[in-house]
Amino acid sequence: MSDLSAFPITKRWPAKRPELLQLYSLPTPNGVKISIMLEEIGLPYEVHLVDFGKDDQKTPEFLSLNPNGKIPAILDPNGPGGRPLPLFESGAILQYLAEKTGKLLPEDAARRYQTIQWVHFQMGGIGPMFGQVGFFHKFAGKDFEDKRPLERYVDESKRLLGVMETHLSGRRWFMDDDYTIADISMLGWVRNLIGFYGAGDLVAFSRFKAVGAWLERGLARPAVQRGLNIPKRP
């Protein structure tokens, strides 16, 4: 049996199945990237809820795995060389799981890097900008008298949706007919923008027909439907 006792995070979240990959997460747009990925590739795993309501992400145990205090994070008992691998940052985890299993990342070198570029596009643009729209439209920022921050992030989100629209026009997925980690990285964020954040009208989402069709295709996938609700919220 795999021994994960050297990792402090297992003190707060004991592993019932230490031979399995351990996922520490919450069903947020970043968190569901990894639960969707794991469901898609069929890699067995054990999930642990990191409850923001209890500030779990700020505990010493969680910070020992991710010093940045963000979800998701994983602990793979079967990492490179057969040694346990702790890993954080959703983009890095997506790439690791794709390379570990040989799934959802093209084998061709050029297409592989093109896929990774779209993951970085999500990490550097889609996530931060859509998240700021959520803050200034739905959460505490909505009460700010100065609406310039909201306008700035709405405009940038529209621009990013335009980039997606241009690329997806005539394509099923970001890599043509190949569904990849690029798609997985963005599905939760676009869904959140027009759903939970309620910003569909604000960003004129109905104008982006190709993005809407891509989102519908993605959300129809059984693994995506399962992954969006893992782990269950308290």
Side-chain angles (χ1 to χ4, degrees), residues 21 23 25 29-43 45 66 68 70 72-74 76 78-83 85-131 156-193 205 207-228:
L21 183 144
L23 169 63
S25 193
N30 280 331
V32 299
K33 294 178 196 174
I34 309 308
S35 49
I36 289 172
M37 179 66 174
L38 288 165
E39 291 294 318
E40 289 280 12
I41 61 181
L43 187 68
Y45 65 102
N66 183 359
N68 195 33
K70 304 289 185 182
I74 65 169
D76 185 359
N78 304 301
R83 294 184 297 274
L85 175 69
L87 200 62
F88 63 90
E89 282 296 336
S90 58
I93 298 170
L94 282 177
Q95 185 173 344
Y96 168 69
L97 292 174
E99 293 180 352
K100 175 185 175 75
T101 61
K103 297 179 179 179
L104 302 183
L105 187 61
E107 291 184 6
D108 176 77
R111 288 179 60 78
R112 178 178 178 273
Y113 286 116
Q114 288 167 347
T115 303
I116 292 170
Q117 82 179 347
W118 284 110
V119 174
H120 283 261
F121 168 81
Q122 182 279 308
M123 300 291 290
I126 295 295
M129 295 301 104
F130 287 14
E156 183 63 6
S157 294
K158 287 180 179 178
R159 187 190 70 79
L160 292 167
L161 286 167
V163 173
M164 295 174 69
E165 178 74 11
T166 298
H167 182 74
L168 286 168
S169 294
R171 292 183 171 92
R172 283 184 56 77
W173 308 109
F174 271 86
M175 294 305 296
D176 308 307
D177 289 331
D178 294 331
Y179 174 77
T180 68
I181 59 173
D183 302 287
I184 291 174
S185 74
M186 287 185 251
L187 283 169
W189 275 108
V190 178
R191 172 180 177 262
N192 223 53
L193 179 71
F205 188 75
R207 290 171 33 204
F208 304 102
K209 304 298 185 185
V211 178
W214 162 85
L215 179 64
E216 186 175 342
R217 283 191 293 274
L219 295 181
R221 296 178 68 90
V224 173
Q225 294 175 23
R226 294 192 302 271
L228 286 170

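Because only heavy atoms are used, hydrogens play no part in the values below, and waters and symmetry mates are left out as well, while side chains stay in.
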Inset, instruction - Please round to the nearest 0.5 Å and tell me the distance separating atom OG1 of Thr180 and atom CZ of Arg112. - result: 12.5 Å
Legend entry - Between CG on residue Leu187 and CH2 on residue Trp214, distance to nearest 0.5 Å: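 Interatomic distance, Leu187 CG to Trp214 CH2, rounded to 0.5 Å: 4.0 Å.
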Legend entry - Partner residues of Arg221 under the side chain to side chain donor-acceptor pair (under 3.5 Å) criterion, sequence neighbours left out: Glu40
Inset, instruction - Determine, step by step, whether Trp173 and Arg217 satisfy the side chain to side chain contact (heavy atoms under 4.5 Å, CB included) criterion, reporting the C-alpha distance in whole Å, the side-chain angles of both residues, the deciding distance to 0.1 Å, and the verdict. - result: CA-CA 9 Å; Trp173 308 109; Arg217 283 191 293 274; 3.7 Å; yes
Legend entry - Test item: Leu228 and Arg191 side chains (from C-beta on) under 4.5 Å apart, heavy atoms: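 The answer is yes, as the side chains (C-beta and beyond) meet within the 4.5 Å cut-off.
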Legend entry - Lys70 atom NZ, neighbour heavy-atom count above 12 within 6.0 Å: no
Quick one: side chains of residues 117-128, donor-acceptor pairs under 3.5 Å with protein atoms, not counting sequence neighbours, listed by atom name and distance.
{"residue": "Gln122", "atom": "OE1", "partner": "Lys33", "partner atom": "NZ", "Å": "2.6"}

Legend entry - For Leu105 against Ala98, the heavy-atom pair lying closest together: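 Minimum heavy-atom separation between Leu105 and Ala98: CB-CB, 3.7 Å.
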Legend entry - Heavy-atom pair with the smallest gap, counting every atom of Pro80 and Tyr96: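 Nearest heavy atoms, Pro80 then Tyr96: CD-OH, 3.9 Å.
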Legend entry - From CA spacing to verdict: side chain to side chain contact (heavy atoms under 4.5 Å, CB included), Asp76, Leu87: CA-CA 8 Å; Asp76 185 359; Leu87 200 62; over 6 Å; no
Legend entry - Test side chain to side chain contact (heavy atoms under 4.5 Å, CB included) applied to Phe174 and Met164, step by step: CA-CA 9 Å; Phe174 271 86; Met164 295 174 69; 3.8 Å; yes
Legend entry - Donor-acceptor contact below 3.5 Å, side chain Glu39 vs main chain Val224: no
Legend entry - Test log, rule side chain to side chain contact (heavy atoms under 4.5 Å, CB included), inputs Leu104 and Asp183: CA-CA 10 Å; Leu104 302 183; Asp183 302 287; over 6 Å; no
